[in-house]
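Working notes for the structure below.
The first residue of the sequence shown is numbered 1, and numbering continues consecutively from there.
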Amino acid sequence: MSESQVWIDVDDHFTTLLAPADETLAAALRDSDAAGLPAINVAPNQGKLLQLLAEIQGARRILEIGTLGGYSTIWLGRALPADGRLVTLEYDPRHAEVARGNLARAGLAEVVEVRVGPALESLPKLADENPEPFDFVFIDADKVNNEHYLDWAVRLTRPGSVIVLDNVVRGGAVTDATSTDPSVRGTRAALELIASHPKLDGTAVQTVGSKGYDGFALARVHA
């Protein structure tokens with residue numbers, strides 16, 4: 001058995017035991033696939049981790065950058081209390097349409113707002129609304145702009161807020177300071193910002209599983 005197959009089998013075991021699929025989540029994946037969306041959603045056990053982190057945080061307001069078909073959005077939306085709110089930003093109108101359908105099926109249409117357009121245009125508009133600070137931010141969009149997304153996340157949060165940045169390993173290329181890959185460079189810049197920002201304290205963790213070799217960064221905002 002290959003090493004990657006072992007990763008998949010262990011993920012399947014963890015998911016079956018601790019994050020079993022329900023019809024709402026399964027339908028979200030089916031509709032996303034039928035619409036031709038790329039299969040780059042988080043794994044079920046990763047979605048459950050996001051939900052648990054948001055619940056542990058006691059998040060009332062969540063910001064997601066990168067909606068895709070709304071699969072991770074459903075996990076995060078389920079963490080919210082009755083008066084909670086989630087704003088998710090999606091570049092592609094077709095993806096946003098699929099996500100809205102999936103969120104409506106999940107009973108989250110009144111809880112989640114899907115905003116369409118480049119996130120670096122949506123984020124300043126969101127800031128101009130002077131919103132209540134977000135308690136939890138999940139960044140899972142184009143990696144080129146990770147540093148900028150992280151910077152906006154800090155501006156839109158409060159001391160004590162939590163930020164999760166996905167897909168930071170880049171197949172191990174994140175260690176290559178000479179890389180010309182824009183996604184690697186964007187991810188390295190974001191990690192360096194976590195290390196140097198006076199309001200951030202964080203770490204990064206490598207993962208293996210059904211999504212292959214990857215990892216995420218976790219940061220906490222402080223005064």
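- Checked by atom type and distance alone, the side chain of Glu90 pairs as donor or acceptor with a backbone atom of Asp92 at under 3.5 Å.
- Once rounded to the nearest 0.5 Å, the distance linking CG of Asn41 with CD of Gln46 reads 9.0 Å.
- Here the side chains of Val205 and Leu218 are not in contact, with every heavy-atom distance at 4.5 Å or above.
- Of the inter-residue distances, the one linking Arg60 atom CZ with Leu86 atom CG reads 13.0 Å to the nearest 0.5 angstrom.
- In the displayed structure, Glu97 atom CD is contacted under 6.0 Å by at most 12 heavy atoms of other residues, nucleotides or ligands.
- Side-chain atoms of Thr67 come within 3.5 Å of backbone atoms of Leu89 as a donor-acceptor pair (strictly under, hydrogens ignored).
- Residues that satisfy the salt bridge (charged side-chain N to carboxylate O under 4.0 Å, His left out) test with Glu113, not counting sequence neighbours, are Arg85, Arg115.
- Residues passing the salt bridge (charged side-chain N to carboxylate O under 4.0 Å, His left out) test with Arg170: none are found, sequence neighbours excluded.
- Two residues are said to be in side-chain contact when any heavy atoms from C-beta on lie closer than 4.5 Å; Leu156 and Val137 fail this criterion.
- Counting only distance, with no hydrogens or angles, the side chain of Gln57 and the backbone of Gly160 share a donor-acceptor pair below 3.5 Å.
- No donor-acceptor distance shorter than 3.5 angstrom exists from the side chain of Ser161 to the backbone of Val221, with no hydrogens or angles considered.
- Not a single donor-acceptor pair under 3.5 Å links the side chain of Asn102 to the backbone N or O of Gly70.
- Here OG1 of Thr203 is found 8.5 Å from CZ of Phe216. Values are rounded to the nearest 0.5 Å.
- The hydrophobic cluster containing Ile65 does not contain Tyr91, counting ILVMFWY residues as joined when their side-chain heavy atoms lie under 4.5 angstrom apart, directly or transitively.
- A side-chain hydrogen bond (donor to acceptor under 3.5 Å, both in side chains) with Ser210 is found for one member of Asp12, Thr15, Asn45, Asp11 and no other, namely Asp11.
- Checked against side chain to side chain contact (heavy atoms under 4.5 Å, CB included), Ser72 has the following partners two or more places apart in sequence or in another chain: Val42, Leu50, Glu64, Phe138.
- Leu150 is listed as a side-chain neighbour of Leu200, based on a closest heavy-atom distance under 4.5 Å.
- Annotation: His13, atom NE2; neighbour count of heavy atoms from other residues, nucleotides and ligands within 6.0 Å does not exceed 12.
- Separation of atoms OH (Tyr71) and CG (Asp31) is listed at 13.5 Å; rounding is to 0.5 Å.
- The shortest distance between side-chain heavy atoms of Leu53 and Phe136 falls below 4.5 Å.
- Within 6.0 Å of CD on Glu110 lie no more than 12 heavy atoms contributed by other residues, nucleotides or ligands.
- One distance of note links CD1 of Ile8 with OG of Ser2; it measures 7.0 Å at 0.5 Å rounding.
- At least one side-chain heavy atom of Val87 sits under 4.5 Å from a side-chain heavy atom of Phe134.
- Side-chain N or O atoms of Gln51 include none that pairs as donor or acceptor with a backbone N or O of Lys48 at under 3.5 Å.
- When the side chains of ILVMFWY residues are joined at heavy-atom separations under 4.5 Å, either directly or via intervening members, Leu63 and Val164 end up in two distinct hydrophobic clusters.
- You'll find the side chain of Ile62 stays beyond 4.5 Å of the side chain of Thr88, heavy atoms only.
- No side-chain donor-acceptor contact under 3.5 Å links Lys143 to the backbone of Val168.
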| said: What verdict does the side chain to side chain contact (heavy atoms under 4.5 Å, CB included) test give for Leu25 and Trp75, after you've listed the backbone C-alpha separation in whole Å, the side-chain angles of each residue and the deciding distance to 0.1 Å? | reply: CA-CA 9 Å; Leu25 289 166; Trp75 281 107; 3.4 Å; yes
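- Put simply, the side chain of Asn167 reaches to within 4.5 Å of the side chain of Asp140, judged on heavy atoms.
- No chain of hydrophobic side-chain contacts below 4.5 Å, direct or via other Ile, Leu, Val, Met, Phe, Trp or Tyr residues, connects Val10 to Leu49.
- Side chains of Ser179 and Asp181: no donor on one and acceptor on the other come within 3.5 Å.
- With a 4.5 Å cut-off between side-chain heavy atoms of Ile, Leu, Val, Met, Phe, Trp and Tyr, the cluster of Val116 takes in none.
- Within the structure, salt bridge (Lys or Arg N to Asp or Glu O under 4.0 Å) pairs that include any residue of residues 20-30 comprise Asp22-Arg78, Glu23-Arg30 (at least two apart or interchain).
- Evaluation of the side-chain hydrogen bond (donor to acceptor under 3.5 Å, both in side chains) test over residues 183-201, restricted to residues two or more places apart or in two chains, returns Asn146-Thr187.
- Side-chain atoms of Arg61 come within 3.5 Å of backbone N or O of Glu132 as a donor-acceptor pair.
- Note on Leu68 and Val144: separate hydrophobic clusters, where clusters join Ile, Leu, Val, Met, Phe, Trp and Tyr whose side-chain heavy atoms are under 4.5 Å apart, directly or indirectly.
- If you check the side chains of Asp142 and Tyr149, you find a donor sitting under 3.5 Å from an acceptor.
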